Amino acid sequence: MASDSFDWPLDEAAKNSGALPRIYKRGWLAMARKLGMTFPDSLDEIEVIDDEPRAPKKELKAMQRLSLTAKKLEAAGLIKCLRKGSPQKRNNAIWLLTIGTPDENREVEAYVRQRLHIWGEPCGGTVGAPMPQPDDGLVSHARPSVPTFCPHLSGNCSDLQ
């Protein structure tokens with residue numbers, strides 16, 4: 001996860017490119033492939049899917065192992081789910097690597113949530129004071145009424161804009 005993420009604080013080039021710090025959002029299959037967990041043991045396991053040779057049983061088992069590992073890392077406080085993935089919507093979960101101090105982790109989380117417009121805590125838990133909704137011109141009923149949170153004691157996340 002860390003090898004696919006940027007560190008905090010972001011340098012100017014990373015900020016200008018829209019990079020997000022300490023985030024993994026590529027999905028379990030991408031990680032399984034990168035770790036070599038999907039190589040078939042024999043030619044009999046290979047199926048052609050979308051003109052690509054794949055081993056679906058190995059892929060499924062690898063994704064299950066990585067998902068279980070992520071649950072253990074989350075329980076240990078090393079990663080935090082910011083948005084659950086959805087196979088139906090074809091989007092991956094977004095994970096925050098909580099590898100800094102508690103204050104730094106809250107600062108990075110607030111920065112990422114603001115950049116990705118993730119309001120509230122879809123994966124569970126709450127941190128800090130209410131965070132102001134964006135001034136995006138939407139009337140209040142057009143935006144989900146999910147409570148949002150700012151990690152700063154002052155409740156002011158305007159310094160992240």
Side-chain angles (χ1 to χ4, degrees), residues 1-11 13-41 45-100 102 104-128 131 133-134 136 138 142-151 157 160-161:
M1 288 179 153
S3 66
D4 284 330
S5 66
F6 289 86
D7 201 7
W8 181 259
L10 293 174
D11 60 27
K15 280 183 188 177
N16 293 338
S17 72
L20 296 170
R22 298 185 185 167
I23 290 296
Y24 183 78
K25 59 181 182 175
R26 295 192 50 177
W28 299 140
L29 183 55
M31 183 182 290
R33 286 177 175 167
K34 189 171 183 176
L35 294 172
M37 298 171 73
T38 61
F39 292 128
D41 292 326
E45 293 179 13
I46 297 176
E47 294 180 28
V48 177
I49 302 171
D50 295 330
D51 295 327
E52 181 183 349
R54 295 174 50 182
K57 290 180 183 177
K58 292 279 275 196
E59 290 174 359
L60 180 61
K61 185 165 178 90
M63 291 187 298
Q64 290 170 339
R65 287 178 57 198
L66 291 171
S67 178
L68 181 61
T69 302
K71 288 178 184 178
K72 291 178 181 180
L73 291 171
E74 188 174 26
L78 297 172
I79 61 175
K80 179 178 182 178
C81 179
L82 298 183
R83 184 189 77 195
K84 290 184 180 181
S86 170
Q88 294 80 14
K89 293 181 182 177
R90 293 182 170 240
N91 64 11
N92 296 321
I94 296 177
W95 295 92
L96 174 71
L97 283 64
T98 53
I99 56 177
E104 187 177 71
N105 289 337
R106 284 190 291 273
E107 184 179 350
V108 172
E109 180 177 352
Y111 179 87
V112 169
R113 284 183 179 279
Q114 182 182 32
R115 294 297 182 265
L116 293 177
H117 303 287
I118 300 175
W119 312 112
E121 298 269 350
C123 297
T126 58
V127 179
M131 181 185 291
Q133 290 286 335
D136 55 11
L138 294 176
R143 185 184 309 108
S145 60
V146 177
T148 57
F149 301 92
C150 171
C157 283
L160 298 176
Q161 295 179 1

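The figures here come from the full heavy-atom set of this structure, side chains too, leaving out hydrogens, waters and symmetry mates. Computed from a prediction, not measured in an experiment: that's the story for all the values here.
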**Asked** Quick one: salt bridge (Lys or Arg N to Asp or Glu O under 4.0 Å) partners of E104, sequence neighbours excluded?
**Response** R22
**Request:** List in chain and number order the residues that pass side chain to side chain contact (heavy atoms under 4.5 Å, CB included) with S67, two or more places apart in sequence or in another chain; answer none if no residue qualifies.
**Result:** W28, K71
**Request:** Mind checking side chain to side chain contact (heavy atoms under 4.5 Å, CB included) for P56 and listing every partner two or more places apart, or none if nothing turns up?
**Result:** E47, I49
**Prompt:** Cation over ring, R113 on Y111, under 6.0 Å and within 45°?
**Reply:** no
**Request:** Only counting residues at least two apart or in another chain, list the ones meeting side chain to side chain donor-acceptor pair (under 3.5 Å) with N91.
**Result:** none
**Message:** Test of understanding: with side chain to side chain contact (heavy atoms under 4.5 Å, CB included), list the residues that count as partners of D41, not counting sequence neighbours.
**Reply:** E45, K58
**Item:** Gap between atom OG1 of T98 and atom CD of E74 - 0.5 Å precision
**Value:** 9.0 Å
**Request:** Just jot down the salt bridge (Lys or Arg N to Asp or Glu O under 4.0 Å) partners of R33, sequence neighbours excluded, or say none.
**Result:** E52, E59
**Message:** Restricting to side chain to side chain contact (heavy atoms under 4.5 Å, CB included), what partner residues turn up for D11, sequence neighbours left out?
**Reply:** A13, A14
**Message:** Rounded at 0.5 Å granularity, tell me how far CG in N105 sits from CG in L97.
**Reply:** 9.5 Å
**Complete:** The reported gap from CE in M1 to CG in L66 (rounded to nearest 0.5 angstrom) is 8.5 Å
**Flag side-chain contact, heavy atom, 4.5 Å: K34 against S3** = yes
**Asked** How many angstroms lie between CD in E109 and CD1 in I23, if you round to the nearest 0.5 Å?
**Response** 8.5 Å
**Asked** Distance from W95 atom CH2 to M31 atom CE, nearest 0.5 Å?
**Response** 10.0 Å
**Asked** Can you name the side chain to side chain donor-acceptor pair (under 3.5 Å) partners of S86, sequence neighbours left out?
**Response** Q88
**Asked** Is the shortest side-chain N to carboxylate O distance from K25 to D4 below 4.0 Å?
**Response** no
**Request:** Would you check if the side chain of R83 reaches a backbone N or O of N92 as a donor-acceptor pair within less than 3.5 Å?
**Result:** yes
**Message:** Looking at S5 and P21, would you say the former's side chain and the latter's main chain have a donor-acceptor pair under 3.5 Å?
**Reply:** no
**Nearest heavy atoms of A62 and T38, plus distance in Å** = CB-CG2, 4.5 Å
